[in-house]
Amino acid sequence: MTQSKVQQDRLDKLAKIRELGVDPYGQKFEGQGAAVAVRAKFEAIDPKLPVGEKTTDSVRVAGRIMLYRDIGKLIFMTHHDASGKIQVALSKRELAEKDWNLGRLLDLGDLIGVDGPMGLTKTGELTVWGRSLTLLAKSLVPPPEKWHGLTDVELRYRQRYVDLFANPDVAAVFKKRSAIIDHFRRYLADRGFLEVETPMMQAQYGGAAAKPFTTHHNALDIDLFMRISPELYLKRLLVGGLERVFEINRNFRNEGISTRHNPEFTMMELYQAYGDYEDMMSLTENLVATAAEAVCGSTKLPFGNTELDFAPPWRRATYAELLREYAEVDMFDMPAVRAAAKARGIEEAKLADEVVINNLFEATVEPHLVGPIFVKDYPAALCPLTRRDPKDPRLALRFEAYVARMEIANAYTELNDPAVQEANFRQQLKGQEETMAVMDEDFVNALQHGMPPAGGLGIGIDRVIMLLTNSASIRDVILFPLMRPEAKGEVRTEKDEANA
RNA sequence: GGGGGCGUAGCUCAGCCUGGUAGAGCAACUGACUUUUAAUCAGUAGGUCUUGGGUUCGAAUCCCAACGCCCUCACCA
């Protein structure tokens, strides 16, 4: 039998339903999200109601049939809505003939509404005993297997709509995602931060070292870049006198895809005038720890084979200390750094000092950063947007937060000296394919008007969600991760548009 | 881009090593059943084995290539 035969069976039922005079794609129906409310209501009325008796009050539920057990003149269904599941029963004796006939034509996956009293079965299962049945939408495609759900990862990502209703754990992750972001927003709003939106399409990109996506605006006939970072726009707002701002929005980077990288990802960036990167450290650890506590119930959470503890304070270690610890070299002793890199097979001959240091750091230190840990005081040349350490100008007042070997946050004491900023924009390091140092004259002009000293912070939201939901892949926390379009079927491309 | 793995019924998976023409469970269809819980019981039907080549008397199985997905390395400072 082919899929079309299975679907034909459902189409036949659709026709029979119409013959009953029923619209198989129903209308407004009260009762959404009632599964949990029904349980609460039953507890409140009479949790010890004897088997066989029913409440005098009726309840309404609307949702999807996930299990269907027809035992003759009685049908039991496991009914899911956004709040959870509840058993619904239809009895031939208690239903109008039309509703009973409709009940016999239901399939797994159909969306129904039911109205009726509550009662317990002899196994103690709370059940809504349908007195009326409303078909809200006929499902024409059989849902995934009821024990295993949908496990094929490709299908799960391509048909997330199926994944979400077939695998309750998946929906739970995205509910947590929403709650965590909501927590961040309120935490910042409570501390006087203003949420703003800055351009996602930019004539000039900057604020990070990454390859951009390009696009074109027809009316102006100009190329635009999808932003790789909102940083330079948010800092312009500091110049404008908005002293505390944040933005939660997408960045786009035209790079590889992995379990930790999606080409579009959600970044939360914030800037606090008159602060510094120490403030950003305490903000970072408190944001994440309070989110863990509020949404997941604890600051200690499992992640893969380990347990992470987000309770502040997180360890703070300097870049130089960690290089000494794991690569056993002095960061400022370049012959030693180059020798250490060479010994590990890391290319170094043609690269700038700071690039070699960074490559050595990634090879030797990063694999150990289970954390949570703040890595602070980076080599200055790697940080063209960061203020130098006044006590040691070789260092920049920057930190990155690492958890489970993932960079989850990046923060600076912001550079607000326009002359230094302009010089930094002109400095290019050998061996860096991409650089943050891209001249932005208007940004320099903004600094010339005077930007308050400030702390700035970027948090990779998707990665934080991964950590707090024990998700191994970034694709498990992004509803529709980027996939290559399926070959079959017509995909409309730019070329088609031109030919049309 | 390199390396490894996977692709069989709508879904979840066997079969491949050792070549002989396709199997199970769930879903579907028919029937029985008024307290089921992954309902049960009896019966029925369902497959271009991702695609294209090759080897062979014979390929889901062995070989090559393409496509897709996953993992990993590189890239992503």
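Reckoned from all heavy atoms, side chains included, excluding hydrogens, waters and symmetry mates. The shown structure was predicted, so the numbers you read here are calculated from the model rather than taken from an experiment. In what follows, chains carry the letters A, B, and so on, assigned in the order in which the sequence lines appear, proteins first and then strands, with residues in each chain numbered from 1.
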Using a 4.0 Å heavy-atom cut-off, does A:Q87 contact any base of the nucleic acid, only the sugar-phosphate backbone, or nothing at all? base
Does B:C69 have its OP1 or OP2 closer than 4.0 Å to a side-chain nitrogen or oxygen of A:R158? yes
Any salt bridge between A:E247 and A:R227, counting N to O under 4.0 Å? yes
What distance, rounded to whole Å, do you find between the two C1' atoms, one in B:A9 and one in B:G5? 24 Å
Does any nucleotide pair with B:A9 by Watson-Crick or G-U wobble geometry, both distances under 3.5 Å, and what is it? none
Heavy atoms from C-beta onward define the side chain here; which of B:G25, B:C69, B:A28 lies closest to that of A:D9? B:A28
So, is A:R484 close to the B:C69 phosphate, meaning a side-chain N or O under 4.0 Å from OP1 or OP2? yes
Partner lookup for B:A59, please. Criteria are Watson-Crick or G-U wobble with both distances under 3.5 angstrom; report none if nothing qualifies. none
Candidates B:U34, B:C69, B:C11 - which lies nearest the side chain of A:S91: B:U34
Re B:C17: Watson-Crick or G-U wobble partner, both distances kept under 3.5 Å, found to be none
Check every atom of B:C11, B:C71, B:A39 against the side chain of A:T259 and return the nucleotide holding the closest atom. B:C71
Who does B:A22 pair with, Watson-Crick or G-U, both distances under 3.5 Å? none
A:H148 side chain: which of B:C29, B:G68, B:U12 is closest? B:U12
Using both distances under 3.5 Å as the test, list the Watson-Crick or G-U wobble partner of B:U36, or none. none
Sorted by first residue and then second, give each side chain to side chain donor-acceptor pair (under 3.5 Å) pair with at least one member in residues 45-57 of chain A; sequence neighbours left out. A:K54-A:E94
Mate of B:C76 across any strand shown (Watson-Crick or G-U wobble, both atom pairs under 3.5 Å) is none
Using 30° and 60° as the class limits, which term best fits the ring planes of A:Y378 and A:F361: parallel, tilted or perpendicular? tilted
Donor-acceptor pair (no angle test) under 3.5 Å: A:H261 side chain, B:C76 base: yes
Closest listed nucleotide, where the reference is the side chain of A:E255 and the choices are B:C76, B:G68, B:U34: B:C76
Which is true for A:G149 with a 4.0 Å heavy-atom rule: it touches a base, it touches only sugar-phosphate, or it touches nothing? sugar-phosphate
Donor-acceptor pair under 3.5 Å: do we get one between A:Q7's side chain and the base of B:G10? no
Ring geometry between A:F399 and A:Y277 (parallel below 30°, tilted from 30 to 60°, perpendicular above 60°): tilted
Rounded distance (Å) that lies between atom P of B:A27 and atom CE of A:M66: 13 Å
Among the nucleotides B:A39, B:C29, B:G68, which one has an atom lying closest to any side-chain atom of A:L67? B:A39
Taking the same atom, C1', in B:G68 and in B:U50, what whole-Å distance lies between them? 8 Å
Just call it for A:K13: base, sugar-phosphate, or nothing, with non-hydrogen atoms closer than 4.0 Å on any strand. sugar-phosphate
Length of the line joining A:L155:CG and B:G68:P, which is rounded to integer Å: 16 Å
Expressed as a whole number of Å, how far does the C1' atom of B:G4 sit from that of B:G10? 31 Å
Please state the C1' separation for the pair B:G23 and B:A45 - nearest whole angstrom. 15 Å
Measure from NZ or CZ of A:R64 to the centre of the six-membered ring of A:F165 and say whether it is under 6.0 Å with the direction within 45° of the ring axis. yes
Among B:C69, B:A28, B:U35, the one nearest A:F76 by side-chain distance: B:U35
Can you identify which nucleotide, out of B:C29, B:U36, B:C13, has its nearest atom closest to the A:T127 side chain? B:U36
C1' atom, B:U18 versus B:U51: distance in rounded Å? 27 Å
Compare side-chain N and O positions of A:S258 against OP1 and OP2 of B:C73 and report whether any pair is under 4.0 Å apart. no
Within residues 109-122 of chain A, find the residues that approach RNA chain B with a heavy atom at under 4.0 Å, and present them sorted by residue number. A:T121, A:K122
The side chain of A:W129 is closest to which nucleotide in this list: B:U12, B:U35, B:A27? B:U35
Quote, to the nearest angstrom, the C1' distance that separates B:C29 from B:U55. 43 Å
Can you check whether any acceptor in the base of B:U36 is under 3.5 Å from a donor in the side chain of A:E125, or vice versa? no
Report yes or no: is the cationic atom of A:R394 (NZ for Lys, CZ for Arg) under 6.0 Å from the centre of the six-membered ring of A:F332, at an angle within 45° of the ring normal? yes
Assigned partner base of B:C41, Watson-Crick or wobble definition, under 3.5 Å: B:G31
Taking the same atom, C1', in B:A24 and in B:C67, what whole-Å distance lies between them? 30 Å
Write down the distance between CG (A:L74) and P (B:A39), rounded to a whole number of angstrom. 14 Å
Base, sugar-phosphate, or nothing: which does A:L150 touch, judged by heavy atoms less than 4.0 Å apart? sugar-phosphate
Per atom distances to the A:D152 side chain, the nearest of B:U12, B:C71, B:U34 is B:U12
If you measure from the C1' atom in B:A60 to the same atom in B:G7, how many Å do you get, rounded? 11 Å
